[in-house]
Amino acid sequence: MTRWNISDRKFQPYAWDRSPIIANCYGDDFNELQMTRAIHYWTMHGHEIAFYEHNPPRSICESEEMIHGFIVLKKGDIWQMDSETLASTKKLTSRFVIKSAIITYRPGSHNLDLLNEHELGHALGYSHVEIEGHIMHPLYYKMGKDFWIP
């Protein structure tokens, strides 16, 4: 479990109570190496991921419900996403604990450098920060590899 101080709650208001499983429901064209790099990025910053399943069972991918303990990666419909949105993350939470998350990507955006790290950061409980070069910057062109709790 990731620990934080009460003063950190603005940046990471929620955290998992167990190591989540990441399931690739985006499809075969999702680059396994890029998600492995994103997972490594966050494990180097103290987070634990139970495991990554590149080819999960159909029951997980076809579920209409958020699945407890999972971060599910999905391909969005281009007409359902804002024209400037590359990806979005939804979390199911209870009492500051993340129970599940879904990361939805605009088709093709999953291959963009640092986008998987950024969205996985949201799935792990982090908010945007307006610091240029920070992985959690809300604008893709201002995002960088830096991470620190502001």
Side-chain angles (χ1 to χ4, degrees), residues 1-26 30-32 34-77 80-82 84-106 109-110 112-150:
M1 181 176 161
T2 303
R3 303 244 183 245
W4 66 89
N5 297 324
I6 195 71
S7 62
D8 299 338
R9 281 248 173 114
K10 182 178 176 199
F11 180 50
Q12 187 188 18
Y14 299 94
W16 290 82
D17 62 351
R18 66 178 74 180
S19 301
I21 298 165
I22 299 175
N24 169 31
C25 294
Y26 185 97
F30 196 96
N31 187 319
E32 187 172 5
Q34 285 196 310
M35 183 49 66
T36 301
R37 278 190 229 150
I39 292 168
H40 178 72
Y41 179 90
W42 287 108
T43 58
M44 296 302 295
H45 290 288
H47 290 276
E48 293 180 15
I49 302 297
F51 62 91
Y52 171 66
E53 180 58 53
H54 192 66
N55 295 302
R58 292 181 86 172
S59 60
I60 291 172
C61 296
E62 293 174 357
S63 176
E64 295 293 324
E65 304 294 322
M66 294 183 93
I67 303 170
H68 189 93
F70 278 79
I71 298 172
V72 177
L73 314 176
K74 292 193 171 197
K75 185 186 295 186
D77 294 322
Q80 292 177 328
M81 299 183 83
D82 183 298
E84 295 182 18
T85 301
L86 299 173
S88 65
T89 300
K90 292 181 183 174
K91 297 180 292 292
L92 176 64
T93 61
S94 175
R95 299 183 186 186
F96 300 106
V97 174
I98 303 169
K99 300 295 184 180
S100 61
I102 297 175
I103 301 174
T104 305
Y105 294 88
R106 172 181 287 284
S109 68
H110 63 285
L112 293 173
D113 191 37
L114 301 179
L115 187 61
N116 294 314
E117 288 85 343
H118 177 87
E119 292 304 324
L120 193 52
H122 285 310
L124 292 171
Y126 293 101
S127 301
H128 284 142
V129 293
E130 297 282 341
I131 301 170
E132 195 163 335
H134 197 285
I135 194 68
M136 296 309 298
H137 197 287
L139 299 174
Y140 179 74
Y141 67 93
K142 291 187 176 186
M143 202 181 296
K145 293 184 180 190
D146 294 337
F147 176 79
W148 67 92
I149 295 175

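All residue numbers refer to positions in the sequence shown, counting from 1. Quick caveat, the model's predicted, so the values are computed rather than measured. Reckoned from all heavy atoms, side chains included, excluding hydrogens, waters and symmetry mates.
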Would you say the side chain of Trp42 lies within less than 4.5 Å of the side chain of Ile135, judging by non-hydrogen atoms? yes
Report the distance from atom NE2 of His137 to atom NE2 of His118, rounding to the nearest 0.5 Å. 10.0 Å
Contacts under 3.5 angstrom, residues 63-73 side chains, donor-acceptor by atom type, not counting sequence neighbours:
| unit_1 | atom_1 | unit_2 | atom_2 | d |
| --- | --- | --- | --- | --- |
| Ser63 | OG | Glu65 | N | 3.2 |
| Ser63 | OG | Glu65 | O | 3.1 |
| His68 | NE2 | Arg18 | NH2 | 3.0 |

Do we see a donor-acceptor contact under 3.5 Å between the side chains of Tyr126 and His47? yes
Run the ring pair (Phe, Tyr, Trp, His ring centres under 6.0 Å) test against His54 and tell me which residues pass, sequence neighbours left out. Tyr52
Would you call the rings of His45 and Tyr41 parallel, tilted or perpendicular, where under 30° means parallel and over 60° means perpendicular? tilted
Residues forming a side-chain contact (heavy atoms from CB on, under 4.5 Å) with Ala38, sequence neighbours excluded: Met35, Asn116, Glu117, Leu120
Quick check: closest heavy atoms across Tyr14 and Ile98, and the distance to 0.1 Å? CB-CG1, 3.6 Å
Closest approach of Tyr105 to Ala87 (non-hydrogen atoms, all atoms of both residues): CD2-CB, 3.9 Å
For Glu62, is the CD atom crowded, meaning more than 12 foreign heavy atoms sit under 6.0 Å from it? yes
Can you confirm whether the side chains of His122 and His128 place a donor and an acceptor under 3.5 Å from each other? yes
Between Trp16 (side chain only) and Ile49 (backbone N and O only), is there a donor and an acceptor less than 3.5 Å apart? no
Could you report the tightest heavy-atom contact between Leu86 and Ser109, atom names first, then the distance? O-OG, 2.7 Å
